Amino acid sequence: MDMLQVEQKWRDKWEKDKLYSFDKSRIDKKYYVLEMFSYPSAAKLHAGHWYNYGPADSFAKFKRMQGYEVFEPMGFDAFGLPAENYAIKTGIHPKDSTLKNIETMEEQLKKINGSFDWDYEIKTCTPDYYRWTQWIFLQLYKNGLAYRKEAPVNWCPSCQTVLANEQVLDGSCERCKTTVIRKNLTQWFFKITQYAEELLQDLDKLDWPAKTIAMQKNWIGKSVGGEVEFALENGGNFRVFTTRADTLHGVSYVVLSPEHPLVNKLTTEDCKKAVENYKDMCSKVSEIDRMSSTREKTGVFIGAYAINPINNKKVPIWIADYVLYSYGTGAVMGVPSHDERDFAFATKYNLPITRVISNPNGNDDLPYCEYGVLVNSDEDNGLTSEQAIIAILDRLEKMGKGGKKVNYRLRDWLVSRQRYWGCPIPIIHCEHCGDVPVPEDQLPVELPYNVNFTPDGKSPLAKCDEYINTVCPVCGRPAKRDEDTLDTFVCSSWYYLRYPDSKNNKQAFDPEIINKMLPVDKYIGGAEHACMHLLYARFFTKALRDLGYLKFDEPFTSLVHQGTILGPDGFKMSKSRGNVVSPDDIICKVGSDAFRLYLMFGFSYIEGGPWNENGIESITKFMDRVERIVKSAYSNKAVDKELTKQDKELLFVLNSTIQKVTADTEIFSFNTAIARIMELVNALYKYEQVEDKNYKVFQDACYKLILLLAPFTPCFAEELHEQIGEKGSVLNKNYPTAETKYLVKDEYELAVQINSKNRDKIVVPADSDNKTIIEIAKNSDIIKKQLEGKTIVKEIVIPKRLVNLVVK
RNA sequence: GCCGAAGUGGUGGAAUGGCAGACGCGCUGGACUCAAAAUCCAGUGAGGGCGACCUCGUGCGGGUUCAAGUCCCGCCUUCGGCACCA
């Protein structure tokens with residue numbers, strides 16, 4: 001079969017017939033299959049895109065044939081840094097390059113022969129989309145979920161710009177290799193932390209890969225403990241967070257993070273110079289370096305003291321950069337005897353180390369970081385750690401000096417970017433009125449085209465006078481627009497909500513429609529988004545629910561990550577390695593169906609693996625085999641006949657194939673599903689050699705074979721479907737279901753084991769009881785011989801599988 | 001350091017505690033052919049035996065079980081993620 005021609009033929013026909021058009025009248029049967037949309041890169045569609053979209057689309061087609069009204073939209077995550085960097089290098093405007101890349105990719109995507117309904121296409125960089133991104137920003141802002149504050153960011157002193165974490169490699173700017181420093185800038189944040197607990201709890205409701213759930217749990221990082229208030233000599237106080245209140249009696253110092261606001265107030269005159277030097281040193285260390293646990297702990301004494309509320313002991317106050325201002329209270333208590341970091345710190349600076357928890361094993365080594373029994377702890381002596389944590393925090397609470405507290409590692413999401421190619425932030429800064437939201441009827445705030453985005457330390461939009469200068473919507477006086485753009489992850493946090501109502505120019509989406517179409521039933525994409533996109537999207541869904549727009553709690557009920565296809569050398573495909581396999585070259589040779597089928601058969605879908613050249617030929621061979629057997633089956637007239645043994649055997653294989661393929665496809669185990677189909681084809685070839693064939697059975701099996709193949713090789717199946725004289729699209733036919741009457745066997749083959757070693761095989765009638773089976777087993781010649789002179793001590797029968805005789 | 005996943009023939013990869021290696025690639029042999037290609041059929045974990053068969057075999061070491069790739073304990077290696085979170 002000339003697949004290239006066949007594929008073109010059906011692609012055209014399907015487009016003409018609008019085969020993949022979503023039928024809104026069948027919304028009650030909807031099945032929303034979503035593949036993560038892609039970034040329109042100049043590098044075109046690569047094997048990774050194909051591996052995501054091809055098999056996922058087969059799943060969508062499978063659902064369609066099962067009678068669901070499948071909604072499978074496609075679009076582009078079109079804002080972002082690569083286009084801007086490309087523009088800086090080449091001078092080609094990001095908008096122009098992006099739109100051009102989208103055009104190319106649309107053409108390539110069509111060659112996948114996916115069930116995409118292009119009427120619902122989204123491009124996040126177009127005003128009709130980002131207008132609503134801005135609208136959502138304003139809803140979050142108006143409800144206290146978006147706020148502005150000063151925060152440390154990665155700053156490249158040479159490029160004079162802020163860098164995203166991903167642009168910092170080993171503490172240096174990826175472009176100029178200059179050491180990145182931290183700098184405080186006023187930035188927009190989304191209050192994702194407000195949802196920390198729900199984001200954590202609801203993970204249990206999701207049909208998601210366990211790995212991804214674990215990653216999100218870690219990322220949210222719930223930590224149950226308490227706060228302890230330390231008084232200052234001058235009358236003030238501050239709090240520390242701890243999970244080990246049981247060790248409170250062993251505090252020998254406290255540490256504030258260098259950025260803690262109390263540091264300047266408390267530092268004594270004679271310590272000022274050392275403290276200033278230390279803070280200066282810290283600011284030069286990147287956040288990434290600072291967060292490394294292998295770094296030696298450093299710090300300085302600030303000259304002041306704090307009072308331990310439980311025993312009124314006076315302890316020195318230090319600052320150290322291992323204490324993070326952004327976690328907990330930005331201050332910790334130092335208990336060197338029971339914490340490794342504190343132990344290292346105290347040893348280095350000669351601070352006292354007092355044991356307050358005894359080791360039940362009697363071992364005296366310090367630090368001892370497990371739970372135990374309290375010692376040297378006054379009235380708390382003898383309590384276990386578990387008891388003491390509760391007792392001490394209760395007591396502190398009664399004293400008004402602390403109590404139970406839960407902390408999360410999750411931080412609020414910093415969404416400002418000092419970049420051009422992104423969604424403008426719809427806020428106006430007015431000297432008189434403060435931060436003023438752009439009135440909703442004035443959205444979108446359009447991204448201006450003529451902007452100088454060469455990096456020079458200022459946000460590109462700040463240099464565009466006609467953009468930045470505006471009037472305050474409240475007082476009418478001159479004011480300035482926010483000069484930053486939004487992180488592109490903001491755009492992708494709600495696109496799945498826009499798809500089903502993508503042409504709506506009055507609302508971001510019609511809640512009426514969205515609440516019927518969502519949540520997404522099956523979401524397919526890379527695992528690299530576990531703690532970014534997938535978390536942000538969950539947050540948006542919950543926030544929009546609480547604002548009254550959505551009636552569901554989670555956006556993606558079920559999630560699947562595809563693996564990664566590596567180059568033939570086993571390394572990740574990359575231009576620099578020269579190991580990139582081009583999908584275009586392959587589909588030009590063997591066609592899109594064969595390429596898709598190879599991707600689905602050659603790898604375990606969730607694992608991926610290295611590309612293998614010769615595998616693809618075996619797939620075209622298989623397709624040829626299918627074509628030949630189908631032709632053979634339809635070469636004779638089908639007549640009703642009584643079923644022979646061989647007919648029944650074929651029917652058994654056919655129906656068990658249907659059963660297994662259905663079950664495997666459901667769980668994305670495509671390689672085994674296709675293996676089962678190959679087995680069916682092998683059985684058909686065996687049947688072809690039967691003298692007295694029943695062409696009715698033969699043809700029925702081949703017809704169902706075509707249906708089974710349709711989701712995996714849509715054009716190929718469609719062509720065969722037409723060739724055997726069927727009307728309409730194969731994709732509109734019902735997916736076959738197994739007829740259980742053909743799955744009943746008259747007899748079974750069982751293995752016979754002696755002492756768990758295979759010794760023989762027997763065939764027994766299907767209705768034999770265990771006793772009969774054992775008799776048959778014992779009567780086999782081989783077994784008889786093996787049993788000579790031995791005593792049977794146990795007889796085990798596993799129906800339909802084996803008999804095991806345990807002998808002495 | 002912590003969390004997660006994985007380790008099976010020459011190879012990609014299969015196996016609700018129940019016949020390890022499905023299916024495919026490769027290889028070997030046969031049929032067809034003057035020959036080749038294509039196709040079809042058969043074989044293909046290792047070792048031993050003329051043979052029916054026997055022994056060993058799922059990273060390593062133990063264990064539970066009639067039975068372990070699968071469950072438990074202790075390791076090794078690889079990959080992914082997090083990493084001074086108090």
Side-chain angles (χ1 to χ4, degrees), chain A residues 209-219 221-223 225 228 240-244 247 254-255 257 288 290-297 320-324 326-335 339-342 344-345 407-411 527-528 530-531 561 563-564 598 601-604 606-607 609-619 621-622 624-625 628 660 664 669 671-682 685-686 688-689 749-761 781-782 785 793-807:
Chain A
K211 174 184 162 189
T212 308
I213 290 182
M215 277 168 71
Q216 287 209 355
K217 279 189 177 162
N218 279 340
W219 189 263
K222 183 175 181 176
S223 178
V228 181
V240 300
F241 174 73
T242 179
T243 53
R244 292 299 302 270
T247 65
V254 290
V255 192
S257 81
I288 284 109
R290 185 171 155 179
M291 301 266 264
S292 160
S293 56
T294 50
R295 252 174 92 234
E296 199 188 351
K297 317 244 163 313
D321 71 353
Y322 75 85
V323 177
L324 307 171
S326 50
Y327 182 77
T329 59
V332 303
M333 60 191 210
V335 186
D339 180 279
E340 283 190 29
R341 276 162 312 170
D342 296 348
F345 193 80
N407 262 321
Y408 301 89
R409 294 161 75 155
L410 185 68
R411 312 286 171 83
E528 67 276 15
C531 294
H561 294 309
T564 313
Y598 172 63
F601 176 66
F603 309 86
S604 156
I606 54 167
E607 300 286 329
W611 178 259
N612 176 348
E613 272 307 317
N614 36 14
I616 196 101
E617 284 159 32
S618 70
I619 289 296
K621 206 167 106 183
F622 167 70
D624 289 343
R625 241 168 104 76
R628 272 195 306 275
K660 289 175 192 156
D664 286 352
S669 182
N671 55 346
T672 53
I674 293 160
R676 298 290 90 85
I677 297 178
M678 286 172 168
E679 279 172 338
L680 172 60
V681 173
N682 290 344
Y685 268 84
K686 200 173 153 200
E688 194 191 20
Q689 293 180 345
E749 191 188 65
L750 301 186
V752 182
Q753 303 182 332
I754 291 177
N755 286 345
S756 308
K757 288 205 164 115
N758 291 334
R759 286 295 181 254
D760 198 10
K761 304 220 172 206
D781 293 341
I782 294 173
K785 214 168 154 191
V793 293
K794 200 164 184 179
E795 296 163 341
I796 293 146
V797 178
I798 306 296
K800 301 181 192 177
R801 292 193 187 270
L802 57 76
V803 175
N804 188 10
L805 303 173
V806 185
V807 302

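Computed from a predicted model, the values in this text were never measured in an experiment.
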For this session: Search all heavy atoms of A:Thr212 against all heavy atoms of A:His561 and return the closest pair with its distance.
Result: OG1-NE2, 2.7 Å

For this session: Please state the C1' separation for the pair B:U8 and B:U77 - nearest whole angstrom.
Result: 15 Å

Exercise. Hey, does A:Asn407 reach any base, or is it just sugar-phosphate, or nothing, if we go heavy atoms under 4.0 Å?
Worked result: nothing

For this session: Look at the side chain of A:Arg411 against the base of B:C85 and say whether a donor-acceptor pair falls under 3.5 Å; ignore hydrogens and angles.
Result: yes

Exercise. Should A:Tyr322 be listed as having a side-chain N or O under 4.0 Å from OP1 or OP2 of B:A86?
Worked result: no

Exercise. Just checking A:Gly328: base, sugar-phosphate only, or nothing, at a heavy-atom cut-off of under 4.0 Å?
Worked result: nothing

Problem set entry | Span that lies between the C1' atom of B:G62 and that of B:G18, in whole angstrom | 24 Å

Problem set entry | C1' spacing across the pair B:G59 / B:C76, given as an integer number of angstrom | 7 Å

For this session: Would you mind classifying the nucleic acid contact of A:Lys217 as base, sugar-phosphate or nothing, using non-hydrogen atoms under 4.0 angstrom?
Result: nothing

For this session: Can you tell me, in whole Å, how much space there is between the C1' of B:A68 and that of B:G17?
Result: 7 Å

Exercise. If we take the P atom in both B:G10 and B:U44, what is their distance in whole Å?
Worked result: 16 Å

Exercise. Looking only at side-chain N and O atoms, does A:Arg628 come under 4.0 Å of OP1 or OP2 in B:C40?
Worked result: yes

Problem set entry | A:Ser604 side-chain N/O to B:A14 phosphate OP1/OP2 under 4.0 Å | yes

Exercise. Can you find an N or O donor on one side and an acceptor on the other, under 3.5 Å apart, linking the side chain of A:Arg676 with the base of B:A22?
Worked result: yes

Exercise. Any donor and acceptor pair, going by atom type alone, linking the side chain of A:Asn407 with main-chain N or O of A:Ser223 inside 3.5 Å?
Worked result: no

Exercise. OP1 or OP2 of B:A67 sitting under 4.0 Å from any side-chain N/O of A:Asn755?
Worked result: no

Exercise. B:C19 base to A:Asn758 side chain: any donor-acceptor pair below 3.5 Å?
Worked result: no

Exercise. Does the ring center of A:Phe601 lie less than 6.0 Å from the ring center of A:Phe622?
Worked result: no

Exercise. Backbone N or O of A:Val807 within a donor-acceptor pair of the A:Asn755 side chain at under 3.5 Å?
Worked result: yes

For this session: For B:C27 and B:A35, measure between their C1' atoms and round to the nearest Å.
Result: 22 Å

Exercise. Does B:A14 have OP1 or OP2 sitting under 4.0 Å from an N or O in the side chain of A:Lys660?
Worked result: no

Exercise. So, is A:Arg759 close to the B:C54 phosphate, meaning a side-chain N or O under 4.0 Å from OP1 or OP2?
Worked result: yes

Exercise. Under 4.0 angstrom, heavy atoms only, what part of the nucleic acid is A:Gln689 near: base, sugar-phosphate, or nothing?
Worked result: sugar-phosphate

Exercise. Is the NZ or CZ atom of A:Arg625 both under 6.0 Å from the centre of the six-membered ring of A:Tyr685 and within 45° of that ring's axis?
Worked result: yes

